[in-house]
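The chains referred to below are lettered A, B, ... by the order of the sequence lines, with proteins before strands, and numbering in each begins at 1.
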Protein chains: 2
Amino acid sequence: MENIIQQHAILLKDKVRMEAYKKAIFSSVKEGDTVFDIGGGLGILSFLALKAGASHVHVVEVEPGTWTLLRLVAKHNGLAEKMTFHKGLSTKIRLKKRVDLIVSELFGNLCLNENLLPVLIDARKRLLKNGGSIIPSGMKVFFAPCENRDWEFTTTALHNLDGFDLLPDLPDIDVGTPSMIIKNADLLSEPRVFIDIDIIKARSETAANLVTFNVSRDGLLSGFASWFEARLTGKISFSTSPNDLTTHWKQGFLPLRTPQKVKAGQKIIFELEFSPDPSGLNSIMGYHFEVK
Amino acid sequence: MENIIQQHAILLKDKVRMEAYKKAIFSSVKEGDTVFDIGGGLGILSFLALKAGASHVHVVEVEPGTWTLLRLVAKHNGLAEKMTFHKGLSTKIRLKKRVDLIVSELFGNLCLNENLLPVLIDARKRLLKNGGSIIPSGMKVFFAPCENRDWEFTTTALHNLDGFDLLPDLPDIDVGTPSMIIKNADLLSEPRVFIDIDIIKARSETAANLVTFNVSRDGLLSGFASWFEARLTGKISFSTSPNDLTTHWKQGFLPLRTPQKVKAGQKIIFELEFSPDPSGLNSIMGYHFEVK
């Protein structure tokens, strides 16, 4: 059981995330800028924007407990007078004037699975000045088929518990995509770029693609590993790849309902789509794969 | 990010928990018994009760996604015909006939913090036959003042993040009680029994007590560690004490908003109360302490 402090501490103690955002904010904010912070949490990105010279920050937070805490933390740090605290989804927010900069950290472990794309496109269209900036400005998402012994260990335990199978193949149950450490050695082929998005130009709220993997060795296909490069602004970026420092996202893992043996030389055709969820908090994810 | 399968796997792979419940169910169920399983999850306690000879199990689950999964898992294991699936809170459930046995695993990391006491008393009064059994039949809760370097490390990081204090003393914010490993060496006094409850006799939905700790060494009081002994039935029990095998509960930890230095020979007076929460899912917890 994690409490609210632990949840935020995990984000705030992630140095890869924090250092990249801090650099991006300090290199983007100009004296007197107005800023819109989407998904403010305890407010650190808003506070950094004010420290960097912003004159006012609009911050929106959807989780009621966090929203309450955010206001108290801002007051405690003497910054509440330069902030407007919006409660709810950013897509419902109206501002009287467009802002100079949008800043947001809505990355899920599969990059796009927390509705990042529809949220940022909506904010850019409705709330950003012509020529304004967005942090992040873009993102590149990778997938690769992989083995995952930790996952197989978890599911095997559930498949036979005192003679009961607690994890049958249930086509209509989405079990979610856990964050797990995936090593390069676990991958069953070279990774592929699933999608590369420029937020300033993006038009579609849906991200979909079909990629083909060439299986490089025999193994048990447990699912698909995923990571992303987040381009915050200019040359400032970070990555959640297995080759880089581990972040709190670790790697994303899309588990198969039934693992499947694959052999070197086979091809895996993998199709995936992220589309907006009416709740506005997550993305709807559909995928399909075939081993040939 | 844990997914629904990982969440249940954590419970189902906890051998201390599972072995004790399995023994208790097999030693309690008589051929043809009817059973009420409160907070069924994926159904394992219901399935064990049926395997042990129960003729019918009523199971109630409040989380909608888990309730859906529970029904599918029961069907997959060929047991759905001997089960009635109730959705929601047990306190809202009416049964046409009282049952022979109530079984439930609603232990929080502070034992009573997931509304266990009001739920079991209500079920005993309204839904259990005269002379019927309840698993768990009782519980004993312990507290001790402790140091907690992991917690201090987490909060220190938040107290000074780029010059901002993200964790001010906020009197009206309940940060929750994380599960953490607390070692005997971390304790600042002998533990005290906070409360010892017999579920068959219990009348009060509120659990409250005042205990005094004699500080045994100098140290930094980070908060109060807690663990419990769960008496399932007869002599079958388990414990979450630092002296026993680690369970998924680890130890409970009630953090202080501000850590405080204490010295050997001082006394700590500690008052705590758990009372029913109107939502029915958690307990309302109030506490107060004083170092003398």
Option passing side chain to side chain contact (heavy atoms under 4.5 Å, CB included) with A:Leu12 (candidates B:Leu161, B:Asp162, B:Leu167):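 One option only clears the test, and that one is B:Leu161.
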Would one find more than 12 heavy atoms of other residues, nucleotides or ligands at under 6.0 Å from atom [atom1] of [X]?
X	atom1	answer
A:Phe26	CZ	yes
A:Leu245	CG	no
A:Lys13	NZ	yes

At a 4.5 Å cut-off on heavy atoms, which part of A:Ala9 comes close to chain B: side chain, backbone, both, or neither?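 Backbone plus side chain of A:Ala9, per the 4.5 Å heavy-atom cut-off to chain B.
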Salt bridge (charged side-chain N to carboxylate O under 4.0 Å, His left out) contacts in which one or both residues fall within residues 74-85 of chain B, not counting sequence neighbours: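 Listed by first then second residue: nothing to list.
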I'd like to verify something: which residue of B:Leu70, B:Ile44, B:Leu42, B:Thr155 has the highest number of heavy-atom pairs under 4.5 Å with chain A?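 Greatest number of close heavy-atom pairs with chain A: B:Ile44.
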Given that the side chain runs from C-beta out, which part of B:Lys22 has a heavy atom under 4.5 Å from chain A: side chain, backbone, both or neither?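 It is the side chain, since no backbone atom gets that close.
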Could you tell me whether the side chain of B:Asn77 and the main chain of A:Asp165 form a donor-acceptor pair under 3.5 Å?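 Looks like yes, one N/O pair under 3.5 Å.
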Short question: side chain of A:Lys51, backbone of B:Phe164 - any donor-acceptor pair under 3.5 Å?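 Looks like no, no N/O pair under 3.5 Å.
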